[in-house]
*Asks:* 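For reference, the structure I am asking about is given below.
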Amino acid sequence: MDAYEELFLRAARDAARYRASVADRPVSSGADMAALRSAFGGPLPDAPTPPGEVVDRLVAAAEPGLTGTVGPRFFGFVIGGSLPAAAAADMLATGWDQCAYNAVLSPAAAAAEEVAGTWAKELLGLPGTASVGFVTGAQAANTVGLAAGRHQVLAEAGWDVERHGLHGAPRVRIVASGERHATIDRSLRLLGFGTAAVETVGTDANGAIDVEDLASVLAAGPSAPTLVCLQAGNVNTGACDDFPAAIEIARRHRAWIHVDGAFGLWAGANPATAHLVRGVEAADSWGCDAHKWLNVPYDSGLVFCAKPDVHAAAVSYSAAYLVGSGGSANWGLGDLTPESSRRARGFAVWAALQQLGRSGVAELVERGCHLARRMAEQLAVGGATIENDVVLNQVLVGFGDDTPLTDRLIEAVQSDGTCWLGGTLWHGKHLMRISFSNWTTTEDDVDRSAEAILRLARERL
Ligand SMILES: *Cc1c(COP(=O)(O)O)cnc(C)c1O
């Protein structure tokens, strides 16, 4: 065996061994940060270390500090796992070390992203003519989508924002619901609008935008360049905005409509949940994650734009030494993302979609919803209150009005290790938040976890 083969196989074997054992390990690592630091630490090495020894040391130092997010009973945040084919494809992307800047630097990366992007649009029900950028996640996708909107609404007002920036520009109205994801605010900061620019729209009981309030907020302000940001998949409840109604209202004000669909856009790939995102295809840009519900390894997100030229106008650039970037006839990969040099993320997205196929993606989404309903039913039977309408993969759980109890219980569940879940603040209440998006989670995992949560709740009552 040559040196590469031995080293790569060793790394792959360790990763595989971890995957095979993750379901049986405590979900929380319980690691002592000081111990981890010293396992990684000590003085900067003066001299080289043989690669095999580096890998051995890395495995020994890291393993005690790994959290079982890739395992079946991690219900915190919206995490996803990673499908075997997608994880293996990501290993190949690293092994091949392609720079996915354009088709000159990596024809294979360009072709894979073109095909995977086309498949993703088809599954999500987005326009086939939309451009697709392979970004780091929904944060970057939302930033690019909103940058495209910023370009377009200011261009319509006669302002070239790429050249002149926002100094002296016509004021842009930003309209979004009070239930927008916090990363939208960060996108607005990065784009120079600032968070105070947001005109906040009310929501219904499950966190979807109140379309009547959207109409009044838009009507109350001046006629101006406007960005409207909608949402598919509220991070607490899974609620999706009423797209046909909201988009119709926003169109009357000639707004650019961006949809943050980090995980919720995948509802469109499952016939049983597609009604939740009906009409979403009429927006102008969409941000979506591959590393959450699609179960692609971190970091992987997709930005789609109905107007490819606007997408590229917002993020492309050129330099004398760069060859092979798009030009409007054929926008290259680097014209659609904020990075130039990057890992070929498309291989893993392609592999996930190839492994699952249309029916597999639908089944993955449906299973997450089914497991969320099952968890909600079991906890309700055990005396908990389900505080949201479980429309998708998110469950909010309360235990009476006893906030300290809920907080203590979340900590107790985390250190018990059967499963991991986090807390949230929803309508003034501290609640337990349970999210389903891992392809390996089974009914048995839900039953074991519900049993552990209820057992800990009884012990503390
Ligand atoms: C996770 C999430 C984001 C941010 O996505 P990243 O992948 O962390 O960049 C944005 N919006 C929603 C609704 C999310 O769930």
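When a ligand or atom number is given, it counts from 1 through the structure's own listing order. Position 1 is the first residue of the sequence; numbering continues from there.
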*Asks:* Less than 4.5 Å apart, any side-chain heavy atom of T94 and any of L92?
*Replies:* no
*Asks:* If the cut-off is 4.0 Å to any non-hydrogen atom of T183, which atoms of ligand 1 fall inside it?
*Replies:* 3 (C), 4 (C), 10 (C), 11 (N)
*Asks:* Do side-chain atoms of R433 reach the backbone of G423 as a donor and acceptor pair under 3.5 angstrom?
*Replies:* no
*Asks:* Considering only non-hydrogen protein atoms, determine which one is nearest to atom 11 (N) of ligand 1 and report residue, atom name and distance to 0.1 Å.
*Replies:* D260 OD2, 2.7 Å
*Asks:* Are R358 and E363 within salt-bridge range, i.e. N to O under 4.0 Å?
*Replies:* no
*Asks:* Numbering the atoms of ligand 1 from 1, which are under 4.0 Å from a heavy atom of Q139?
*Replies:* 4 (C), 5 (O), 6 (P), 9 (O)
*Asks:* Check whether any heavy atom of G233 sits under 4.0 Å from an atom of ligand 1.
*Replies:* yes
*Asks:* Check the angle between the aromatic planes of W119 and W350 and answer parallel, tilted or perpendicular using the 30° and 60° thresholds.
*Replies:* parallel
*Asks:* Partners of R374 by salt bridge (charged side-chain N to carboxylate O under 4.0 Å, His left out), sequence neighbours excluded?
*Replies:* E443, D447
*Asks:* Heavy-atom distances under 4.0 Å are what count here, so tell me which part of F263 touches ligand 1: side chain, backbone, both or neither.
*Replies:* side chain
*Asks:* My understanding is that we take every heavy atom of each candidate and find the minimum distance to atom 14 (C) of ligand 1. Doing that for K292, E179, H291, which one comes out nearest?
*Replies:* K292
*Asks:* Could you tell me whether some N/O pair between N142 and ligand 1 is separated by less than 3.5 angstrom?
*Replies:* no
*Asks:* Name the closest protein heavy atom to atom 5 (O) of ligand 1, giving the residue it belongs to and the distance to 0.1 Å.
*Replies:* A138 CB, 3.1 Å
*Asks:* Within the side chain of H430, is there an N or O that forms a donor-acceptor pair under 3.5 Å with the backbone of L425?
*Replies:* no
*Asks:* Is there a side-chain contact between L126 and W286 in this structure, where contact means two heavy atoms from C-beta onward sitting under 4.5 Å apart?
*Replies:* yes
*Asks:* Heavy-atom contacts under 4.0 Å between A262 and ligand 1: side chain, backbone, both, or neither?
*Replies:* side chain
*Asks:* Report, in ascending order of atom number, the atoms of ligand 1 lying under 4.0 Å from any heavy atom of V235.
*Replies:* 15 (O)
*Asks:* Side chain, backbone, both or neither: which part of V78 has a heavy atom under 4.0 Å from ligand 1?
*Replies:* neither
*Asks:* If you measure from each non-hydrogen atom of H181 to ligand 1, which part falls under 4.0 Å: side chain, backbone, both or neither?
*Replies:* side chain
*Asks:* How are the rings of W96 and F347 set relative to one another: parallel (under 30°), tilted (30 to 60°) or perpendicular (over 60°)?
*Replies:* perpendicular
